[in-house]
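Note sheet for the following structure.
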Amino acid sequence: MDSIIKSGRTVKEAVDAALQELGKTEDEVLVEVLEEPTKGFLGLIGGKLARVKVTVKENKVEKAVKFLESVIKEMGLEDATVEVVSQGDPLKINLKGTRLGILIGRRGQTLDALQYLTNLVVNKNSENRIKIILDIEEYRRRREQTLERLALRLAEQVRRKGKSITLEPMNPHERRIIHTTLQNNPYVVTMSEGEEPYRKVIILAK
Amino acid sequence: MKELVKLIAQSLVDKPEEVVISEVEGEKTLILELKVAQEDMGKIIGKQGRIAKAIRTVVKAAAAKKGKKVIVEIVQ
């Protein structure tokens, strides 16, 4: 992290000098006062200057966007753009562009891998971790709808035939969508079975 | 492809200057040997190889676009 130490007649003066040198504004930095200024005798002799340490705050949003932009460029997907949908925690980022199917991958596995790597890069050596959710052209929302419909359809099948159905392996997020969709269903119950990453949801008749 | 692996690896480790990638070009496959500082090994492999797997998944997607098989190997 960038930090510099500056002196000045007042704390404010020292901070301002540091900000100017770093090219940052006050809310982009952390200020630590190393020494308060003291006035010398008659304000002339033996006065001490203020010393401050100014550290540039890590900007996680910037870090995430920069990482994703470089990855996209190296992958040869120049027409894709990175868009911050909501700042804070979770930080939601969308990738937009044509031919991004390649970045989604089979059942979103490339998207999940990229999201995982972005989380690691942004939170590297950081105490306040934030969660980053990455999406491509609304893939996650569309997938969620697909899973909800699938859950309802299979639940109906289980109810009619009285036989349980095992779904294909899914990640925790997707399994939760199935469980949540059916949690108040009067005819079926759901459970998970197997070990990650092959854990599957089973729908059983009540 | 080499640059992509380098970019990802350097973003994950504490000592980016020690990331070295060598290419072994085959007829249909390209092997990228990734080497990092000993203390950074965990940062590119992860628990049960989860990070290594994510790197490979992203690289595989990029390679598919170019019609070549790319294998990322992590070497000591």
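Below, each value reflects all heavy atoms present in this structure, side chains not excepted, and no hydrogens, waters or symmetry copies. Values in this document were obtained by computation on a predicted structure and should not be read as measured data. Chain letters run A, B, ... following the sequence lines, proteins first, then strands; residues in each count from 1.
Nearest heavy atoms, A:A113 versus B:A54: CB-O, 3.7 Å.
Along residues 33-51 of chain B, the residues that come nearer than 4.5 angstrom to chain A, judged on non-hydrogen atoms, are B:K43, B:R50, B:I51 in order of number. Contacts from residues 9-23 of chain B to chain A, taken as heavy-atom pairs separated by less than 4.5 Å, involve B:Q10, B:S11, B:L12, B:V13, B:D14 in sequence order.
More than 12 heavy atoms of other residues, nucleotides or ligands shown are found within 6.0 angstrom of NZ on B:K68. Within a 6.0 Å sphere centred on NZ of A:K200, other residues, nucleotides and ligands contribute 12 heavy atoms or fewer. Residue-environment remark: CZ (A:R199) exceeds the threshold of 12 foreign heavy atoms within 6.0 Å. Applying the 6.0 Å contact sphere to NZ of A:K63 captures more than 12 heavy atoms from other residues, nucleotides or ligands. The local environment of NZ in B:K69 is sparse, with at most 12 non-hydrogen atoms from other residues, nucleotides or ligands closer than 6.0 Å. Shown here is A:Q183, whose CD atom has more than 12 heavy atoms of other residues, nucleotides or ligands within 6.0 Å. Atom CZ of A:R142 has more than 12 neighbouring heavy atoms from other residues, nucleotides or ligands inside a 6.0 Å radius.
Taken from OG1 in B:T57 to CG in A:L111, the straight-line distance is 11.5 Å, to the nearest 0.5 Å. To the nearest 0.5 angstrom, B:I55 atom CD1 is 11.5 Å from A:L114 atom CG.
A 4.5 Å side-chain heavy-atom check between A:M75 and B:V58 finds at least one atom pair inside the cut-off.
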